[in-house]
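Values reported hereafter were calculated over all heavy atoms of this structure, with side chains retained and with hydrogens, waters and symmetry mates removed. Here is how names work: the chains are called A, B, and so on, in the same order as the sequence lines, proteins then strands, and each is numbered from 1.
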Amino acid sequence: MQNLLHNLNPEQLAAVTLPAQPALILAGAGSGKTRVLTTRIAWLIQTGQVSPAGILAVTFTNKAAKEMMTRLSAMMPINTRGMWIGTFHGLCNRLLRAHYRDAALPQAFQILDTQDQLSMIKRLLKANNIDDEKYPPRNLMYFINNAKENGLRAQDVEAFDDFNRRMVELYALYDEQCQREGVVDFAELLLRTYELLSRNQPLREHYQSRFRHILVDEFQDTNNLQYNWLKLMAGTQAAVFAVGDDDQSIYAFRGANVGNMSAFEREFKVENLIKLEQNYRSHGHILDTANMLIANNTKRLGKNLHTDAGHGELIRIYEATSDLQEAQWIIEEAKSLIAEGSTRNEIAILYRSNAQSRVIEHALFSAGIPYRVYGGQRFFERAEIKHAIAYLQLMDNPHNDSAFLRVVNFPTRGIGARSLEQLQDAARQYGISLYAAVPYVTGKAGTSLGAFVKLVESARFETAQLPLPEMVQIVLDASGLIAHYQNEKEGADRIENLEQLVSAASLFVSEEGFGHDAPAQLGPRSEQTAGPAIVTQDGVEILDADAPLVTVMSPLSAFLSHASLEAGDNQAQAGQDAMQLMTVHSAKGLEFDAVFITGLEEGLFPHENSQKEDGGVEEERRLMYVAITRARRRLYLSFSQTRMLHGQTRYNTKSRFFDEMPEESLKWLSPKVQQHHWFANPKAAWDEVPESGANRIAQSMGKKNIGWRIGESVAHAKFGEGVIVNIEGSGSNARAHINFGRHGMKLLDLSIAKLDKV
DNA sequence: TATGTGGACTTTTTT
DNA sequence: AGTCCACATA
């Protein structure tokens, strides 16, 4: 116990040892948030206030859940696998598996990932002859997900015009189709659980009285449905311990509602509000910069980070002439960092949008510096893996039409569009799945479809008694996937990935406690585990907290859930000491000795789209706050006068965020006025050279010799600094398009406007 | 049915 | 500029 609370600062200690009441912990970046969460759980258990079974801990990512379990096992001898620690979706999956009948789901229901959901919607539109120009599948998907995240079924959505009425109809059709196929999308996992518990009183009361303590990580990221889900789980008895940071709320665009923090404070009558403001990560100048920047936001719960670590180094700021040159500068700085003893792993290059990584990657590649880009395709999202998974899905639940269509003719087995059309007609006519409709198709199409069904059936039959990894291996061979990729020119990597799927199955089986000899397909092993695994109370089947997934689902079903809910690593070549490239969003939660934040230009960061959204710029500022607070010791900020974007050169002004930082913490590496753009930017130079054809055209159009040039920086009394983006007309008629950053693009008459050179 | 071509798109992302 | 997707063609 002494040990457990040892080394906590007063605020952390206070948070960890709060009484069993609603609590809101405002945990600043680097303030030891995860430590507080895990220590709180350990303290509750060790002091005998609650048994491990009475704890529900919710996170957003699998990574965070795993981290929590690892730290918890390090703190006390406890089997965390049986505990209810997981993501919202993972926990919902667990609940729905245990109570599938009450939730009106088939036992082997499967989970659609975003790809699957979109392809399902496309199919739906096609089947109903809907013009996908008028109803873009992606929009319909957003519509449906948004409705679900607000707890609304199709019948609850109010439609005020024909267009929306149609959308609602399609939403209803979509849900019916999912139900027929026995599949649920991500939002459905949440909503279905919410509905299950709100309708089923004994079940609700069981869980409400069982979970005495509910702990929530990253509370600022909860959406409306998740917040209501928590309220329902908590009932009136549970102590909800919510940890979050409103200043790090950067996911509003996907439904996160920071307002949930103040709603929680109000609705739960929170009396225990603790701020963790002591930062253990960054040096003083970095924190001062972050603090001053975020102070420009209006709607804040209020928080200021401080450190004992001293001021440290100044923030280094660099103005580049082009994106290319910015990249080259980064590499020079990184090289000298490495020369001074930094490891590449400890250097991160952050950018607002993925498109910015290319130039940097090119530069790193030519410099021969190893790097790793986050955010690529993830293991379970690769096409070949999705194919293999689809075969497994069909063996587990043949009515999954998405899975059926994905592989019915892959590898090709002579089942073309015509055959499938016949099949889909039959399926629609009888209201059954494609798989079930196969017997209704006659002729040659029927024969080849029948052969496919036989393939799936015999794979299922032959592997019924085998452990999961062996089953996967057999499916890879029997499906013809391996053979297909062997014949393909660049199939080697794909075969390697498929073999990795077998390893993933092995790893899964041992990690989840299924045991390597457990048959993959046999039903739930509740009979074998016996004991208290499932108890009946008021006629309701109740899951015991220590019962892992093994008791409620087969290894195969569990593995398929895992594949959907945990798409796997998206890092390329892990392991190697490499520089880290990622968007600011994906950097959240990470920290590095040295951080480069690049592309700090108006329009890019803050992003131009954010100006139109209300609260958009504040979210961008929080994003910048997250970026700054990733750095431990050294922080570089850079921006560029010109940048190639979407095949066009853009002239941006520097980000407004520079004006919101403390001058005394900054060190400008480049002189305010650089050499002229056409000097450093080869492309611009080419355009401006008098001999070039392009320039002769420009001259004849009056683009030159009027005292101003495209790309030149100017200052205007009202609009501040800007960049000349284009010039039209000549002589006294000359007018210039000038990008004034936050003031937007202006068209000014050059003979009238008072402009100064910068 | 594999392959090519034109057109539209382009902020951020986890489950 | 680069990617993805739908549709057309050999």
### Query
Contact class for A:N223 vs. all strands (heavy atom < 4.0 Å): base, sugar-phosphate, or nothing?
nothing
### Query
Can you tell me if the side-chain N/O atoms of A:T583 get under 4.0 Å from OP1 or OP2 in B:dT13?
yes
### Task
Tell me which nucleotide among B:dT15, C:dT3, B:dT13 gets nearest to the side chain of A:R358.
C:dT3
### Query
Under 4.0 angstrom, heavy atoms only, what part of the nucleic acid is A:D221 near: base, sugar-phosphate, or nothing?
nothing
### Task
Please state whether the phosphate of B:dT15, meaning OP1 or OP2, lies under 4.0 angstrom from any side-chain nitrogen or oxygen of A:R378.
yes
### Task
Apply the test side chain to side chain contact (heavy atoms under 4.5 Å, CB included) to residues A:R650 and A:M644: give CA-CA distance (whole Å), side-chain angles for both, the deciding distance (0.1 Å), then the verdict.
CA-CA 6 Å; A:R650 305 195 8 158; A:M644 276 297 266; over 6 Å; no
Show each protein N/O and nucleotides 8-10 of chain C N/O combination with a separation under 3.5 Å, one pair to a line.
none

### Query
Nearest-Å distance, CG (A:D113) to P (B:dT13)?
17 Å
### Message
If I pick the C1' atom on C:dT3 and the same atom on B:dT14, what distance separates them, to the nearest angstrom?
### Response
23 Å
### Query
Taking the side chain of A:M644 as heavy atoms from C-beta outward, which of B:dT15, C:dA6, C:dA1 is closest to it?
C:dA1
### Query
Given that A:E566 and A:R352 both sit by DNA chain B, which one's nearest nucleotide is further toward the 5' end?
A:R352
### Task
Identify which nucleotide among B:dT12, B:dT15, B:dA2 has an atom closest to any side-chain atom of A:T114, counting heavy atoms from C-beta outward.
B:dT15
### Query
Between B:dT14 atom P and A:L91 atom CG, what is the distance in whole Å?
19 Å
### Task
Using a 4.0 Å heavy-atom cut-off across all strands, classify A:K588 as base, sugar-phosphate, or nothing.
nothing
### Query
On a whole-Å scale, what distance lies between the C1' atoms belonging to B:dT11 and C:dA6?
25 Å
### Integer angstrom distance from the P of B:dT12 to that of C:dC5
16 Å
### Message
Once you measure the plane-to-plane angle for A:W229 and A:F88, does it fall in the parallel (<30°), tilted (30-60°) or perpendicular (>60°) bin?
### Response
perpendicular
### Message
Could you check whether any side-chain heavy atom of A:Y227 comes within less than 4.5 Å of a side-chain heavy atom of A:N257, counting everything from C-beta outward?
### Response
no
### All ring pair (Phe, Tyr, Trp, His ring centres under 6.0 Å) counterparts of A:F404, not counting sequence neighbours
A:F452
### Query
Rounded to the Å, how far apart are A:R138 CZ and C:dA6 P?
10 Å
### Message
Using the ring pair (Phe, Tyr, Trp, His ring centres under 6.0 Å) criterion, which residues pair with A:Y174? Sequence neighbours excluded.
### Response
none
#### Entry: Earlier contact from the 5' end, DNA chain B, for A:F186 and A:H646
A:H646
### Task
Can you sort out which residues in residues 600-630 of chain A have a heavy atom within less than 4.0 Å of DNA chain B? Ascending by number, please.
A:H607, A:N609, A:E613
### Query
Can you tell me if the side-chain N/O atoms of A:N354 get under 4.0 Å from OP1 or OP2 in C:dT3?
no
### Message
Strictly by salt bridge (Lys or Arg N to Asp or Glu O under 4.0 Å), give each pair with a member in residues 613-625 of chain A just once, sequence neighbours left out.
### Response
A:R352-A:E620, A:E619-A:R622, A:R621-A:E660
#### Entry: Nearest-angstrom distance from the residue atom CD1 of A:I597 to C1' of B:dT12
15 Å
### Query
Under 4.0 angstrom, heavy atoms only, what part of the nucleic acid is A:S586 near: base, sugar-phosphate, or nothing?
sugar-phosphate
### Selected nucleotide, minimal atom distance to A:T412 side chain, candidates B:dT12, B:dT1, B:dT15
B:dT1
### Message
Measure OH/A:Y142 against P/B:dT13 and give the value in whole Å, please.
### Response
12 Å
### Message
In this structure, how many angstroms lie between the P atom of B:dT12 and the OH atom of A:Y351, rounded?
### Response
10 Å
### Task
For the pair A:F60 and A:Y251, evaluate ring pair (Phe, Tyr, Trp, His ring centres under 6.0 Å) and give the outcome as yes or no after the intermediate values.
CA-CA 12 Å; A:F60 275 86; A:Y251 285 113; 8.5 Å; no
### Close aromatic pair by centroid cut-off 6.0 Å: A:H99 and A:Y207
yes
### Query
Going through the distances and angles, do A:L95 and A:M233 end up as a side chain to side chain contact (heavy atoms under 4.5 Å, CB included)?
CA-CA 12 Å; A:L95 280 161; A:M233 280 304 231; 3.8 Å; yes
### Query
Side chain of A:R254: nearest nucleotide among B:dT13, C:dA6, B:dT15?
B:dT13
### Message
Checking A:E591 now: which residues fulfil salt bridge (charged side-chain N to carboxylate O under 4.0 Å, His left out) with it, not counting sequence neighbours?
### Response
A:R281, A:R632
### Message
Please confirm whether the shortest side-chain N or O distance from A:K122 to OP1 or OP2 of C:dC5 is below 4.0 Å.
### Response
no
### Task
Answer with base, sugar-phosphate or nothing: what part of the nucleic acid does A:Y251 contact at a heavy-atom distance below 4.0 Å?
sugar-phosphate
### Message
In whole Å, I'd like the distance from the CD1 atom of A:I250 to the C1' atom of B:dT14.
### Response
12 Å
### Query
Atom CG of A:N260 and atom OG1 of A:T222: how far apart are they, to the nearest 0.5 Å?
3.5 Å
### Task
Could you check how far CG of A:D116 sits from P of B:dT15, rounded to whole Å?
16 Å
### Message
Do the side chains of A:D217 and A:K33 get close enough for a salt bridge, i.e. N-O under 4.0 angstrom?
### Response
yes
#### Entry: A:F253 aromatic ring stacked with six-membered ring of B:dT11, 5.5 Å and 30°
no
